[in-house]
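When a residue number appears, it is its place in the shown sequence, counting from 1. Each ligand, and each atom within it, is numbered from 1 in the order the structure gives.
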Amino acid sequence: MTCQVARFPLVESISEPADLLGLPRERLGELAEQIRGFLVENVSRTGGHLGPNLGVVELSIALHRVFESPRDAIVFDTGHQSYAHKVLTGRWREFDSLRQEGGLSGYPCRNESEHDIVENSHASTALSYADGLAKAFELRAACDRRVVAVVGDGALTGGMAWEALNNIAAASHRPVVIVLNDNGRSYAPTVGALAEHLATLRTPPDPRAASDPVRTLFETLGLAYLGPIDGHDIDALEQGLRRAAAMRCAVVVHCVTRKGNGHSPAEQDEADCLHAVGPATGAKAKTTSWTEVFGAELLAAGAERDDLVCLTAAMLRPTGLHPFARRFPQRVFDVGLAEQHAVTSAAGLALGGLRPVVAIYSTFLNRGFDQVLMDIALHRLPVTFVLDRAGVTGADGPSHHGMWDSSLLPLVPGLRLAEPRDPRRLRELLRECLCVDDGPTALRYPKGAGGPDLPAVDHLDGVDLLRAAPGSAVLLIAAGSRAHACVRAADTLTARGIPVTVADPRWTAPLPPALAGLAARHALTLTVEDNVVTGGMGQRLAHLLVQRDPVPRLRCLALPARFLPHGDRGDILRRHGLDAAGIVDTVLRHLHPSHCHKRHRTPARST
Ligand SMILES: Cc1ncc(C[n+]2csc(CCOP(=O)(O)OP(=O)(O)O)c2C)c(N)n1
Ligand SMILES: CC(=O)[C@@H](O)[C@H](O)COP(=O)(O)O
Ligand SMILES: [Mg+2]
């Protein structure tokens, strides 16, 4: 057997952070370069966050040389920049499984390592964790344990970060090391006054000018400030971090880094410095992505009405707003990584007579639920929420699956929720949302490519019938993109002598009353939705059906009320019976034999 020559021998020599201290200082630069090459090679193959991680290689080395994880708590905000941390904490061998089912998470993961503390990939939380940890260490007299929060300049534009800073600065005697990873970008360059302030701090003062050094916002609040420090100079970083640790107080260490550092394709990517790259498959999606269809239709709508304005929370391009922004730059507002503010600012825009569209990933709207409820719906304001990445997203794991919105939003009085099954319905339903003037509307669709258009064969009081089998015993009610699986299942069952009707309500909140009548005319009704079962479309239909006598037979196919690990979107949907085979299986298991003209044994399901 030929012995494998280690491509990254220094990387492979690190099995725990303590190994870093055994490395001669003059080899740390070499280690950084090997980590960089290791990440480029592996992440380019598996997919994942490349730009953010290349920007914190030296910072991660310095952090683990100065602090003693896990005794010291190192919390990464958002966590998408924790790959070097994972390499330095003994997980380099698992990188070929990155973001794959059962493999390494793309974010910190407590089951993976004692060095990982926060798994939530929602930004702007690290300082709140740090505030709590510092208080706990103080109360437990664990004064030898230090708290470090690594926060990006983008994450720092989130409201929670300032709620935490308000508390940390008020007790600045309590040691918290706030490592500001300032690369000047979120996806795109970070927006807002804070970004401008940081840019001022990054700019070395003119030695000829007589002006005093700029007093930072942090110092004005009562925090100590060290910086700016070159975020790619390990010695300078170590010196700054050791000094901060020795200060035994709340201190901001301002590290200036470059997103994508050392990898020219990332450094030169003006869009987002290769923030995230897909797995190297080479296969281009054959059908247009939902996001592109939304972006094009919004642009068309924006050309027809000049009251249409859009908002994004630091994700203009990922949510498809860039065509609209190019054409109507005055009518797009990037509010920074600040979803709560985005929602209530949209309320203000609506109160001012405009027609706002908030484009946001489903999972991130969770953060603005109160604002939807009390700042928008209470005032019956015409704001439309376009929820991309709704349902199972896959590789980004439990805090990214957009599996809650179809349970949360129907709680909001007066809000109407639409779920397009295909790109054509997305275009139609967006227009319908924009025509609603007496309250909020929301539109949800999944990550990735929208399937082919699925025409209705009939209509019933606002409900599209995609298959209409006279005298059918089985009714499938599909929410959004699950319509394709329902139609495939219906065709399979029909071929087995079980005719099936497939209904797509298009609007899943409030549910069209016609659905209850349809269910009452079938021996078995299945609802199928890419959302958590609790409070989902199925349970909401059940609430309508229990008021009937007899109560129609109903089964709800949905996601379980628990956190789902990362993996392939299709595999996760399949595992929870939300694909055609799963639907067929459920029908055959629950349909009374008298309705099976030629009953077949339940086929063994592929996993
Ligand atoms: C609440 C929330 N909104 C949006 C996102 C999507 N998101 C992931 S990383 C990122 C940019 C973060 O910028 P920064 O904190 O500066 O980190 P960097 O990528 O520059 O290292 C955004 C907006 C998120 N993770 N959480
Ligand atoms: C870290 C983060 O929240 C985003 O970058 C997330 O990875 C979005 O992924 P997609 O845009 O690829 O769905
Ligand atoms: Mg940044």
Side-chain angles (χ1 to χ4, degrees), residues 43 47-57 59-60 76-84 99 105-108 118-127 149-161 179-192 194-195 198-199 202 231 255-261 266 271-279 289-291 312-320 334-343 359-368 388-402 446-448 566 569:
V43 179
H49 290 94
L50 191 53
N53 284 288
L54 294 174
V56 296
V57 170
L59 177 56
S60 304
F76 289 89
D77 197 291
T78 318
H80 64 306
Q81 78 295 58
S82 61
Y83 295 2
R99 292 161 55 92
S105 166
Y107 302 89
V118 171
E119 302 187 354
N120 179 14
S121 62
H122 289 199
S124 316
T125 63
L127 292 175
V150 182
V151 188
D153 58 295
L156 201 58
T157 61
M160 268 185 78
V179 178
L180 172 51
N181 169 31
D182 179 10
N183 53 28
R185 301 183 74 104
S186 298
Y187 281 78
T190 303
V191 298
L194 173 65
L198 294 182
R202 289 196 298 266
C255 305
V256 180
T257 63
R258 182 176 189 181
K259 201 163 192 174
N261 188 59
D272 63 15
C273 298
L274 295 187
H275 177 89
V277 294
S289 86
W290 291 99
T291 311
T312 177
M315 298 182 76
L316 186 134
R317 184 175 291 271
T319 56
D334 180 351
V335 299
L337 226 161
E339 285 80 4
Q340 295 172 322
H341 171 65
V343 175
I360 186 170
Y361 284 11
S362 163
T363 189
F364 301 138
L365 184 65
N366 296 353
R367 184 162 278 183
D388 199 337
R389 271 59 169 189
V392 169
T393 50
D396 282 295
S399 53
H400 259 80
H401 295 311
K447 180 169 186 172
H566 62 274
R569 168 177 157 81

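- Between the OD1 atom of Asn183 and the O atom of Arg185, the angle centred on the Mg ion (ligand 3) amounts to 90° when rounded to 10°.
- The closest protein non-hydrogen atom to atom 12 (O) of ligand 2 is Lys447 NZ, 3.3 Å.
- In this structure, Tyr107 and His400 have parallel ring planes: the angle between them is below the 30° cut-off, well short of the 60° mark.
- Summary of contacts: the protein heavy atom closest to atom 3 (O) of ligand 2 is His400 NE2, 2.7 Å.
- Within Asp153, the N/O/S atom positioned nearest the Mg ion (ligand 3) carries the name OD1.
- Among Arg185, Lys259, Arg317, the one residue that satisfies the side chain to side chain donor-acceptor pair (under 3.5 Å) test with His275 is Lys259.
- Looking only at heavy atoms of the protein, atom 10 (P) of ligand 2 is closest to Arg389 NH2, 3.5 Å.
- Heavy-atom separations between His49 and ligand 2 include at least one value shorter than 4.0 Å.
- Backbone or side-chain N, O or S atoms of Ser186 do not reach the Mg ion (ligand 3) at under 2.8 Å.
- Near Tyr361, with a cut-off below 4.0 Å to any heavy atom, the atoms of ligand 2 are 8 (C), 10 (P), 11 (O), 13 (O).
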Tabulating one pair per line, provide the atom names and distances (0.1 Å) for every N/O atom of ligand 1 that is less than 3.5 Å from a protein N/O atom.
from	atom 1	to	atom 2	distance (Å)
ligand 1	3 (N)	Glu339	OE2	2.7
ligand 1	15 (O)	Ala155	N	2.8
ligand 1	16 (O)	Asp153	N	3.4
ligand 1	16 (O)	Asp153	OD1	3.1
ligand 1	16 (O)	Gly154	N	2.7
ligand 1	16 (O)	Arg185	O	2.8
ligand 1	19 (O)	His80	NE2	2.8
ligand 1	19 (O)	Lys259	NZ	2.8
ligand 1	20 (O)	Asn183	OD1	3.1
ligand 1	20 (O)	Asn183	ND2	2.8
ligand 1	20 (O)	Arg185	O	2.9
ligand 1	20 (O)	Lys259	NZ	3.4
ligand 1	25 (N)	Ser121	O	2.8
ligand 1	26 (N)	Ala123	N	2.9

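- Considering OG1 of Thr125 and CG of Asn120, their distance stands at 5.5 Å, rounded to 0.5 Å.
- Residue-ligand proximity: Thr393 is placed with every non-hydrogen atom at 4.0 Å or more from ligand 2.
- Taking only nitrogen or oxygen atoms, main chain and side chain alike, Asp396 reaches within less than 3.5 Å of ligand 2.
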Show me the side-chain donor-acceptor pairs of residues 334-342 shorter than 3.5 Å, one per line, residues at least two apart or across chains.
from	atom 1	to	atom 2	distance (Å)
Asp334	OD1	Ala314	N	3.0
Asp334	OD1	Gly336	N	2.9
Gln340	NE2	Arg367	O	3.0

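- Protein heavy atom in closest approach to atom 4 (C) of ligand 2: Tyr187 OH, 3.1 Å.
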